[in-house]
Amino acid sequence: MRCRKCGAPAVFNMRHHKLALCETHYPEWFLRQTSRAIDKYKMFTSDERILVAVSGGKDSLALWDILLRLGYHADGLYIDLGINGDLNYSARSREKAMKFAHGHPETQLTIVDISKRYGESIAEVAQRKRRGERPCSVCGLVKRHEMNRIALERDYDVLATGHNLDDEAAVLFGNVLHWQSGYLVRQGPVLPADGEGLARKVKPFCRFYERETAAYTLIEGIDYIYDECPFAEGATSLKHKAILTQMDHDAPGTKLHFYLNFLRAKKEGLFCEPEEERVALHACENCGQPTTAPRLCAFCRLWEMSDAS
Ligand code: Q46
Ligand code: ZN
Ligand code: ZN
């Protein structure tokens with residue numbers, strides 16, 4: 001197979017785009033597509049400060065790399081969840097994030113260590129509060145709170161995450177299966193700041209297949225952690241991903257059209273939140289972040305009964 005641009009041997013073939021590219025033209029295409037997505041969905045401008053949530057995995061490190069290449073002011077945030085065990089997952093993924101930051105002296109990496117700051121790791125707090133349950137809901141809550149906290153404390157305009165098309169299509173699939181209209185309203189490439197104390201959230205990779213970000217990191221030699229978090233095993237979202245991947249294999253582009261047609265439907269007025277149904281938010285008494293709960297936000301309630309301050 002030959003590169004569509006220059007005729008050199010292709011290193012990557014995208015059946016859904018009917019496009020094969022060589023190792024020079026693939027990264028160029030990837031960079032251009034990211035830039036287009038940023039502009040198309042009006043994610044941020046060149047004078048805004050971006051905080052990239054980095055997990056040490058391929059998507060978030062590729063995103064950080066691309067934003068720097070595109071000339072944006074992008075710094076990283078690594079949240080150490082204290083998930084270690086046999087894989088030593090947090091320690092190893094933290095190393096990958098630090099290694100990337102060392103190779104890019106023009107950027108900064110902020111590290112938040114959850115155990116040190118709040119006195120318990122994600123697994124410990126999940127065990128105390130939601131015994132027997134997977135720690136992922138607690139983990140998601142902690143990550144959202146901490147990302148928002150750092151973005152606001154350090155004056156970042158926007159928070160960028162490395163979610164790719166496989167992630168977004170799987171979330172959409174789950175939301176549609178259960179007709180979770182509230183989640184469908186909020187799903188999209190940009191989640192506006194919508195009020196005091198919340199940072200705008202963007203997903204510049206939402207139109208890239210996971211294998212496309214993997215190919216970019218491979219070609220560019222970005223070192224990342226291959227292993228998934230040990231708690232991901234058996235997650236429903238992974239099962240949804242596998243179903244969609246099978247469908248895409250049989251009919252290339254299925255995932256992309258599923259997601260893009262959802263975005264089009266939203267633009268045409270489906271899944272929009274009526275103004276009068278917006279729930280009023282107020283500041284949490286402890287941390288100040290917006291919440292619908294009467295006194296403390298869900299994050300602060302997590303630590304209420306522990307020794308953490
Ligand atoms: S890190 Fe956290 Fe994920 Fe691990 S505990 Fe679950 S949510 S699986 S993205
Ligand atoms: Zn080429
Ligand atoms: Zn709070």
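Order of listing sets the numbers, starting from 1, for every ligand and every atom in it.
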Practice task
Could you tell me if any non-hydrogen atom of Lys143 lies under 4.0 Å from any atom of ligand 1?
Solution key: yes
Handout entry: From CA spacing to verdict: side chain to side chain contact (heavy atoms under 4.5 Å, CB included), Thr110, Asp75
Key = CA-CA 8 Å; Thr110 299; Asp75 291 329; over 6 Å; no
Practice task
Would you tell me whether Glu106 and His73 have side-chain atoms, one donor and one acceptor, within less than 3.5 Å of each other?
Solution key: no
Practice task
Compute the angle centred on the Zn ion (ligand 3) spanning SG of Cys297 and SG of Cys287, and express it rounded to 10 degrees.
Solution key: 110°
Handout entry: Contact atoms of ligand 1, heavy-atom distance to Ala232 under 4.0 Å
Key = 8 (S)
Exercise for the section: Would you please indicate yes or no on a ring centroid separation below 6.0 angstrom for Phe100 and Tyr224? Expected result: no
Completion exercise
Quick look: Glu228 vs ligand 1, heavy-atom contacts under 4.0 Å, and the answer is neither
Problem - Electrostatic pair Lys99:Asp223 at N-O distance under 4.0 angstrom - result: yes
Practice task
Return yes if some donor-acceptor pair links the side-chain N/O of Asn148 with the main-chain N/O of Gln289 below 3.5 Å, else return no.
Solution key: no
Exercise for the section: Please report which non-hydrogen protein atom sits nearest to atom 4 (Fe) of ligand 1, along with the residue it belongs to and the distance in Å to one decimal place. Expected result: Cys229 SG, 2.2 Å
Exercise for the section: Work out the angle at the Zn ion (ligand 2) between SG of Cys22 and SG of Cys6, rounded to 10°. Expected result: 110°
Fill in the blank from the handout: Checking heavy-atom distances from atom 7 (S) of ligand 1 to each of Ala235, Cys139, Pro230, the winner is Cys139
Problem - Ring-ring centroid check Tyr118 Phe299, cutoff 6.0 Å - result: yes
Exercise for the section: Identify, for atom 6 (Fe) of ligand 1, the protein heavy atom at the shortest distance, and state residue, atom and that distance. Expected result: Cys136 SG, 2.2 Å
Handout entry: Glu220 atom CD, neighbour heavy-atom count above 12 within 6.0 Å
Key = yes
Practice task
For the Zn ion (ligand 2), find the closest N/O/S atom belonging to His25 and write down its atom name.
Solution key: ND1
